[in-house]
Amino acid sequence: MAPRVALKSKGKSGGAKGSKGMDEKSASQCLKEWSTWVMKKAKVATHYGFIPLVIVIGMNSEPKPQLFQLLTPV
């Protein structure tokens, strides 16, 4: 889910009283935004790191194959 964005009004009707509640974030909202950010970064790291991880693990196994042998399907 995408995080919601709170928009501030530019008119005089908002006043200092109404803007205070919108500026402060609850602990649960901060936790939700933080966890969403972490999951997005973890998804990118997993996406770009999985195949190199498989190659490194394959290179360190016994018997030690060459890189060409790891990349060919046969």
What donor-acceptor contacts under 3.5 angstrom involve side-chain atoms of residues 61-74, with partners at least two apart or in another chain?
unit_1: S61; atom_1: OG; unit_2: G58; atom_2: O; d: 2.8
unit_1: Q69; atom_1: OE1; unit_2: Q66; atom_2: N; d: 3.0
unit_1: T72; atom_1: OG1; unit_2: F68; atom_2: O; d: 3.2
unit_1: T72; atom_1: OG1; unit_2: Q69; atom_2: O; d: 3.4

| request: Give me the other members of the hydrophobic cluster that V38 sits in, counting Ile, Leu, Val, Met, Phe, Trp and Tyr linked by side-chain heavy atoms under 4.5 Å, directly or via other members. | output: L31, W34, W37
| task | Show which residues join Y48 in its hydrophobic cluster (side-chain heavy-atom contacts under 4.5 Å, direct or indirect), or state none. | result | V44
| query | Can you check whether M39 reaches K43 side chain to side chain, under 4.5 Å on heavy atoms? | reply | no
| said: For S26, give me all partners under side-chain hydrogen bond (donor to acceptor under 3.5 Å, both in side chains), at least two apart in sequence or on another chain. | reply: S28
| field | side-chain contact (heavy atoms from CB on, under 4.5 Å), paired with I57, selected from V54, L53, I55 | value | L53
